[in-house]
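See structure below.
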Amino acid sequence: MAQKPLRLLACGDVEGKFDVLFTRVRAIQKKSGNFDLLLCVGNFFGSTPDDEWEAYKTGIKKAPIQTFILGPNNQETLKYFQDADGCELAENITYLGHKGVFTGTSGLQIVYLSGTESLNEPVPGYSFSSKDVSSLKMMLCSTPQFKGVDILLTSPWPKYVGNFGNSSGEVDTKKCGSALVSSLATDLKPRYHFAALEKTYYERLPYRNHIILQESAQHATRFIALANVGNPEKKKYLYAFSIVPMKLMDTAELIKQPPDVTENPYRKSGKEASIGRQIPAPEEESACQFFFDLNEKQGRKRSSTGRDNKSSPHPKQPRKPPQPPGPCWFCLASPEVEKHLVVNIGTNAFLPEESYMRYSCLSSMLSLQCYLALAKGGLSDDHVLILPIGHYQSVVELSAEVVEEVEKYKATLRRFFKSRGKRCILFERNYKSHHLQLQVIPVPLSCCTTDDIKDAFITQAQEQQIELLEIPEHSDIKQIAQPGAAYFYVELDTGEKLFHRIKKNFPLQFGREVLASEAILNIPDKSDWRQCQISREEEENLARCFRKEFEPFDFTLDD
Ligand SMILES: *[C@@H]1O[C@H](CO)[C@@H](O)[C@H](O)[C@H]1NC(C)=O
Ligand SMILES: *[C@@H]1O[C@H](CO)[C@@H](O)[C@H](O)[C@H]1NC(C)=O
Ligand SMILES: *[C@@H]1O[C@H](CO)[C@@H](O)[C@H](O)[C@H]1NC(C)=O
Ligand SMILES: [Zn+2]
């Protein structure tokens with residue numbers, strides 16, 4: 001049985017003209033039957049004090065239809081929106097909230113982003129920032145099944161929406177509008193996108209969301225900007241349409257291309273549009289389109305370390321991490337990686353727990369370098385690994401950016417474990433392993449001193465005729481090991497390192513054996529990881545626990 005379409009109305013800036021709007025809605029409903037929802041974008045309230053609202057607020061007057069509105073776009077109207085999470089402002093008038101997704105019982109998905117774009121910190125209460133946009137994308141686009149959303153509501157127009165389209169009249173979309181909204185629309189692929197604030201009506205020709213000849217067909221997007229309620233020029237401010245939620249449609253119906261469909265206005269071919277900081281040039285855009293504008297953040301980070309290379313032709317272009325030659329258990333992008341063990345990913349503030357996937361895109365777009373995962377069959381519940389996202393075999397091969405992030409993780413983990421009364425011992429074995437794993441094993445302070453640990457390593461190495469050399473505290477493994485040479489080293493919490501150049505037959509479990517021995521953790525039966533395996537469920541629990549406890553220390557959340 002075919003799904004009965006929902007009948008919706010969308011409206012531009014109301015600016016306090018509630019009576020005009022609702023009188024009009026009543027007339028329309030009387031003439032052509034009831035609608036299910038009224039969606040208002042732009043300024044719902046006027047900037048000058050008005051008495052009309054009082055009547056709605058107190059219930060003397062009522063909205064004749066369930067009405068959803070966006071939040072404020074200016075300081076003057078901030079006062080009407082006390083609760084950023086959204087709330088009912090009057091009977092049948094609901095503020096959706098700062099940003100989020102509204103899914104109706106019908107299955108209709110409406111994504112909303114309130115306010116105007118702000119590129120400055122702190123972000124005023126009537127604005128959104130790149131973080132808001134990134135977190136919406138994260139929330140929605142990070143599942144492989146993601147196809148798009150039914151409706152996107154924003155107050156500002158997306159910048160460049162006029163590209164390849166029919167005329168947007170007096171509005172120059174290369175100058176006005178929000179580039180963040182364009183980037184959001186690109187990723188969210190709404191079937192309808194409504195905006196306002198420009199006091200004009202513009203229905204753009206529908207645009208496609210796929211690249212012809214390269215990607216399979218997807219649904220088209222209709223962008224509709226609406227004028228302000230009761231404008232003297234009688235520009236259209238109310239738009240009626242019917243829609244079946246996309247999740248209830250069959251694919252063939254959904255992806256039917258309208259005859260007048262155009263190229264995607266945000267996907268650049270013209271030079272002009274790629275000037276926008278948030279709009280990446282096509283070569284920067286990975287297939288999954290996670291183009292967060294954290295480029296900006298990264299740019300800042302780079303210059304603060306003084307490594308900005310001004311002569312570089314693409315200074316902001318994220319570098320793709322190295323790819324493995326075959327399957328790899330530790331490359332974050334590989335299907336083999338045990339994602340449920342991942343507890344933290346570098347330089348990324350917006351990764352909700354359920355979306356640890358599509359890392360390849362993430363890492364290339366955000367220039368992430370490392371991640372943190374629980375060790376499988378760890379010596380303890382908080383035994384973790386620092387791993388590069390890209391395929392690097394050893395510390396020796398790492399680029400400066402990756403080293404920088406490894407060091408950050410080390411320092412953070414030291415602080416984290418210290419707060420839990422533990423010191424951490426690190427080791428790496430570049431021998432019979434393909435992907436760098438920096439083992440981080442916390443040892444309770446009460447258990448033994450750093451010197452005890454050092455002695456245990458040296459003694460047990462001697463017993464097995466392993467030559468363990470003390471290397472100067474601040475020296476770099478890179479200076480000691482030749483690229484390609486096999487080695488093992490331990491780093492103590494003091495920064496001291498013990499290094500062994502592996503010639504042949506190095507015992508693979510050596511590091512674990514020493515730490516598990518009576519002298520240190522005294523859990524000798526755990527020296528082989530295979531004897532420490534637990535169920536996937538238990539692993540998930542441990543990872544969840546670790547993520548939660550690590551969060552206050554997480555440098556990737558710092559601004
Ligand atoms: C509120 O909205 C509902 C659903 O659109 C409608 O049936 C109802 O009549 C409205 N309330 C008033 C007081 O008009
Ligand atoms: C642009 O195209 C849309 C969709 O076909 C149409 O409704 C609208 O009137 C057009 N606008 C102009 C200015 O031609
Ligand atoms: C900067 O980049 C240029 C061109 O890519 C390169 O030749 C040069 O060595 C770099 N300089 C530094 C300090 O990294
Ligand atoms: Zn790898």
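Positions are given from 1, in the same order as the sequence printed here. Atoms within a ligand are numbered from 1 in the order they appear, just like the ligands themselves. Every value quoted in this text rests on a predicted model; they were computed, and no experiment measured them. What you see below is based on every heavy atom in this structure, not just the backbone, and it leaves out hydrogens, waters and symmetry mates.
Taking the ring-ring contact (aromatic ring centres under 6.0 Å, His included) definition, one finds that Phe499 meets it with Tyr487, sequence neighbours left out.
Here's the thing with Asn92: one of its N/O atoms is less than 3.5 angstrom from an N/O atom of ligand 1. At least one N or O atom of Gln66, backbone or side chain, sits closer than 3.5 Å to an N or O atom of ligand 1.
Within the listing of ligand 1, atoms 2 (O), 5 (O) sit less than 4.0 angstrom from a heavy atom of Ile65. Applying the 4.0 Å criterion to heavy atoms of Glu91 picks out, from ligand 1, the atoms 13 (C). If you number the atoms of ligand 1 from 1 as listed, the ones under 4.0 Å from a heavy atom of Ala63 come out as 1 (C), 10 (C), 11 (N), 12 (C), 14 (O).
Taking the six-membered ring wherever Trp is involved, the centroid distance between the rings of Tyr409 and Tyr371 does not fall below 6.0 Å. If you look at Phe550 and Phe546, their ring centroids are closer than 6.0 Å. Ring centers of Phe510 and His500: at least 6.0 Å apart, outside the cut-off. When ring centroids are compared, Tyr95 and Tyr80 stay outside the 6.0 Å threshold. In this structure, Tyr266 has its ring center closer than 6.0 angstrom to the ring center of Tyr207.
In summary, no N, O or S atom of His434 is located under 2.8 Å from the Zn ion (ligand 4).
Between Phe223 and Trp157, the ring planes lie perpendicular to each other; the angle is over 60°, past the 30° to 60° tilted range.
The closest side-chain donor-acceptor pair between Asp19 and Tyr56 falls under 3.5 angstrom.
Formation of a donor-acceptor pair under 3.5 Å by the Tyr201 side chain with backbone atoms of Lys234 is not found in this model.
Restricting His391 to its N/O/S atoms, the shortest distance to the Zn ion (ligand 4) is reached by ND1. Here the N, O or S atom of His435 that is nearest to the Zn ion (ligand 4) is ND1.
For ligand 2, the 4.0 Å heavy-atom shell contains residues Asn166, Ser167, Glu203, Leu205, Asp260.
Cation-pi contact between Arg429 and Phe488: absent, since separation from the ring centre below 6.0 Å together with deviation from the ring axis within 45° is not met.
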